[in-house]
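Taking it in order: structure first as C-alpha cells, then the write-up.
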Amino acid sequence: LEMVILAALKGRSLYGLALLNLLQKLETTAITEGTLYPLLDRLKKEGVVNAQWVQEGATRPRKYYSLTPEGEAKLNVLTDRWRKSVSDMEFLLANPGPVTF
C-alpha cells in the first residue's frame, strides 16, 4: 500500500478524499479511509510525504499531500523491487514444473 500511495502522489498533490477516490476507482488499489489516513500520517512522520493545509474559496481548508524528495527516492526503490517481483512471477508462470538450477 505504501507504494500505491507514493505512486498516486507522483508528480501531483492531492487532498485526502481525492486520493481516496482515485484509489477506489482502481480495482486492485481500493482502500478505505480507515486505512488511508493512518498510512498518510505514518508516511508524513517518515518524511516521504508532505502535508499542507490549503484554503480553497469559502470551503473549509483541505490537507494536500505530496511527495518529498525522499518520497520520490523511496518510490524509485519500491518501483525497482516491484518490477523485479513481476519479472520473477512471469518466469515462474512461464516455467511450471520441477525446479531445476
Side-chain angles (χ1 to χ4, degrees):
L1 286 178
E2 187 173 297
M3 183 178 171
V4 168
I5 301 298
L6 298 178
L9 293 174
K10 183 176 180 169
R12 62 179 155 198
S13 295
L14 292 170
Y15 61 94
L17 186 57
L19 178 56
L20 184 66
N21 288 337
L22 171 63
L23 297 179
Q24 288 180 341
K25 287 181 183 177
L26 304 170
E27 183 180 338
T28 63
T29 63
I31 60 174
T32 65
E33 284 184 57
T35 300
L36 176 64
Y37 290 106
L39 183 53
L40 285 169
D41 286 341
R42 182 174 60 80
L43 294 172
K44 190 175 127 193
K45 287 177 187 171
E46 290 177 7
V48 295
V49 169
N50 275 328
Q52 179 178 353
W53 287 100
V54 176
Q55 181 68 45
E56 296 178 331
T59 63
R60 62 183 184 159
R62 291 179 167 160
K63 189 184 277 190
Y64 276 79
Y65 297 90
S66 60
L67 294 183
T68 64
E70 293 82 5
E72 291 186 30
K74 185 165 191 168
L75 177 58
N76 289 336
V77 168
L78 292 173
T79 300
D80 289 345
R81 194 176 307 157
W82 170 257
R83 288 187 174 135
K84 177 63 176 141
S85 177
V86 170
S87 173
D88 290 348
M89 285 303 302
E90 289 292 340
F91 173 82
L92 292 171
L93 291 169
N95 297 286
V99 176
T100 57
F101 290 97

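For the numbers below, each heavy atom of this structure counts, side chains included, while hydrogens, waters and symmetry mates do not. Just so you know, these numbers come straight off a predicted model, no measurement behind them.
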Notebook entry, point to check: Would you say L39 and R42 make side-chain contact, with heavy atoms under 4.5 Å?
Noted result: yes

Notebook entry, point to check: Does the side chain of Q52 come within less than 4.5 Å of N50's, by heavy atoms?
Noted result: no

Check: Apart from L92 itself, what residues make up its hydrophobic cluster when side-chain heavy atoms of I, L, V, M, F, W and Y under 4.5 Å apart count as a link, directly or indirectly?
Finding: M89, F91

Check: Is the count of non-hydrogen atoms from other residues, nucleotides or ligands lying under 6.0 Å from E70 atom CD greater than 12?
Finding: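 Yes.
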
Item checked: Test side chain to side chain contact (heavy atoms under 4.5 Å, CB included) applied to D88 and K84, step by step -> CA-CA 6 Å; D88 290 348; K84 177 63 176 141; 2.8 Å; yes

Could you go through residues 15-24 and list every donor-acceptor pair under 3.5 Å that involves a side-chain atom there, pairing it with any protein atom two or more places apart or in another chain?
from	atom 1	to	atom 2	distance (Å)
Y15	OH	R62	NH1	3.4
N21	ND2	L17	O	3.3
Q24	NE2	I31	O	2.9

Next item on the list: Kindly determine whether E46 and K74 satisfy side chain to side chain contact (heavy atoms under 4.5 Å, CB included), including the steps that lead there.
Entry: CA-CA 11 Å; E46 290 177 7; K74 185 165 191 168; 3.5 Å; yes

Notebook entry, point to check: So, the side chain of E27 versus the backbone of T29: is there a donor-acceptor pair under 3.5 Å, distance only?
Noted result: no

Checklist line | Side-chain (T79) to main-chain (L75) donor-acceptor, under 3.5 angstrom | finding: yes

Notebook entry, point to check: Considering the options L67, L1, N76, which one meets the side chain to side chain contact (heavy atoms under 4.5 Å, CB included) requirement together with L6?
Noted result: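 Result: among L67, L1, N76, L67 is the only option passing the side chain to side chain contact (heavy atoms under 4.5 Å, CB included) with L6.
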
Checklist line | NZ/NE/NH1/NH2 to OD/OE distance under 4.0 Å, K45 and D41 | finding: no

At what distance, to the nearest 0.5 angstrom, does [atom1] of [X] lie from [atom2] of [Y]?
X   : Y   : atom1 : atom2 : value
K63 : S13 : NZ    : OG    : 13.5 Å
R83 : S87 : CZ    : OG    : 11.5 Å
K44 : Y37 : NZ    : OH    : 13.0 Å

Notebook entry, point to check: Can you hop from V86 to L78 via hydrophobic side chains spaced under 4.5 Å?
Noted result: yes

Check: Quick one: do V54 and V49 end up in the same hydrophobic cluster if we chain Ile, Leu, Val, Met, Phe, Trp and Tyr together by side-chain heavy atoms under 4.5 Å apart?
Finding: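 Yes, V54 and V49 fall within the same hydrophobic cluster.
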
Note to self: To check you understand the geometry: which heavy-atom pair defines the closest contact between E56 and T59, and what is its length?
What the structure shows: O-OG1, 2.7 Å

